[in-house]
Amino acid sequence: MINVIDNMEAQTVQPAMQNGGLMKPNVVGVGGDEDSKTNLIVNYLPQNMAQDEMKSLFGKFGEIESCKLVRDKLTGQSLGYGFVNYLKPADALKAVKTLNGLRLQCKTIKVSFARPSSQAIKDANLYISGIPKHYGQLDLDNLFNAFGRIICSRLLLDHECGESGRPRGVGFVRYDRRCEAEKAIEGLNGNIPHGGKDPLIVKFANNPGQHYQKCLQQMYQQMPIISPTLSPRRVGGPVSAGGSQNFIGPMRHMAHCFRWQQMGSKMQGLIGKLLPKNFMFNPMTSSDVISHMNLQAMTNNGQGWCIFVYNLPADCEDGLLWQLFGPYGAVTNVKVVRDQPNQRCKGYGFVNMLNYDEALSAINTLNGYQLNGKRTLQVSFKSSKQKS
DNA sequence: TGGTATT
C-alpha cells in the first residue's frame, strides 16, 4: 500500500513521520478542524488482537487517555482497526514513529494521526477495475490525484504475497472525503485512461458491514406476522408488501433481534464452544440426531451450524431466511444462492446458526414447512456435497 | 473486490 502525499495547497505541515515510506505528513486543511495531535488511528490489526493487548502495546509510549478497538456492533468481531488517544502529543508521535509499519502476526499495522471524525470522510473508498495492466502504483495515484487528497491507494497484484506480482488491473483508492471520491467517479468512470484500451470502471468499494446492515434492514421492513415463540407454520394473514410472501409492516417482536446482539462474545468462540458439551462423549446423546449430521456440516468459521434450505422461490431475498430462522435462535449468516445473470434465486440457500440445539429445532420445524401454502421447504444440516 | 479506515 502506498500513502500519497497530498497535492493540496496547504498550510501547516506537522513534522513528517516517515517510517519505511508508510506515513504521510499530517496536513491541516483550509478552514477545517485541525487534526488531533494525540489521537491515533490504528489500521490492519490482526483479527484476534484484543483491546487490552492494543492498550498494552501502545501504553509503552506514554499515558493513554482512551483506547478503543472497533468491533462489529452485532457480531462483536474486531473490525481490524482502533483508536488510541494519548494525553501528550509527544507520546502519540513516538508511537507513530515506532509502531507504524510494525509486523504483527501476518499483518503490518498502520499507525497514523486520526482525522477529525465526520460524515464527510466516511465511505470515500473507491474500487477501480479496467486499469491498464502496465500501470504501476504511481500511475494509478497520478490518475486519481487530480480529484482530491488520497489517503491510501492500492493496486492489486497477482500472487500478492509472491515476488513476481503483476498488476491485475484492479485497485482501491481511498480519498480524504466522499465528495472527492464522487468527483473521481464522475471524472474517470467509463473513460479510457492515457495509454489504455478499455474504459475504467470506478465505483464505491463495498464495505463489509453494509451487507449485514442491509439484511437487518430488510428483515425489519419485511417482518411477517410471526411471533418468535410461535411456529412459522402459523404464519398467516393477508399477503402484502412482500409479494408472494406473507410479510407485513415493521417488526413486532425484538426478542430474536436482541439475541443477535448478544452474539458478540459467543462469536469469538472456537468450534469446540459451538458443540454441546456432551456431544463427543456421551453415547446416549441423540444418536439419531448425530447420524443426521455430516461432520462436514459443522462449520469452523465462527458462524456455527450450516443449514441447507431447498425449494425457495425465485424471488426469495435474504430477509426471508432471516425471519424464518431467526425465531429459533441466533442466526449468524444467511445466503440465498442466485443465478449470475438475472440474480434470481436458484431455489436454495444456506443459513448459519450459532447453537446446535437451536439449529436442530429450526430444521425440525421448518423442514416440510409450506411457504405460502405452496412450496414445501426442505431443510437439513448442510452436507459436504453442497457448498455455500 | 482489500489487509473490514473514523469511535
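Residue N43(A) has its side chain nearest to dA5(B) when only dG2(B), dA5(B), dT4(B) are considered. You'll find that the side chain of K68(A) is closest to dT7(B), out of dT6(B), dG2(B), dT7(B). With dT7(B), dA5(B), dG2(B) as the candidates, the nucleotide lying closest to the side chain of A205(A) is dG2(B). Checked against dT4(B), dA5(B), dG2(B), the side chain of N206(A) finds its nearest nucleotide in dG2(B). Of the candidates dT4(B), dT7(B), dG2(B), dT7(B) carries the atom nearest the F83(A) side chain, counting heavy atoms from C-beta on. Minimum atom distance to the side chain of Q47(A) is reached by dT4(B), of the listed dA5(B), dT4(B), dG2(B). Here the nucleotide nearest the side chain of Q77(A), chosen from dT1(B), dT4(B), dA5(B), is dT4(B). Taking the side chain of K122(A) as heavy atoms from C-beta on, and the options dT7(B), dA5(B), dT4(B), the nearest nucleotide is dT7(B).
Cluster partners of L79(A) are I41(A), V70(A), Y81(A), F83(A), counting Ile, Leu, Val, Met, Phe, Trp and Tyr whose side-chain heavy atoms approach within less than 4.5 Å, directly or via other members.
Between the side chains of E65(A) and N85(A), at least one donor N or O sits under 3.5 Å from an acceptor N or O.
Between K203(A) and the phosphate of dT1(B), there is no side-chain N or O to OP1/OP2 separation shorter than 4.0 Å. R168(A) has a side-chain polar atom (N or O) that falls below the 4.0 Å cut-off from OP1 or OP2 of dT1(B). Contact annotation: K107(A) reaches the phosphate of dT4(B) (side-chain N/O to OP1 or OP2, under 4.0 Å).
Scored by the ring pair (Phe, Tyr, Trp, His ring centres under 6.0 Å) test, F172(A) finds Y127(A) as partners (sequence neighbours excluded).
Counting atom types as modelled, N39(A) pairs a side-chain N or O with a base atom of dT7(B) as donor and acceptor under 3.5 Å.
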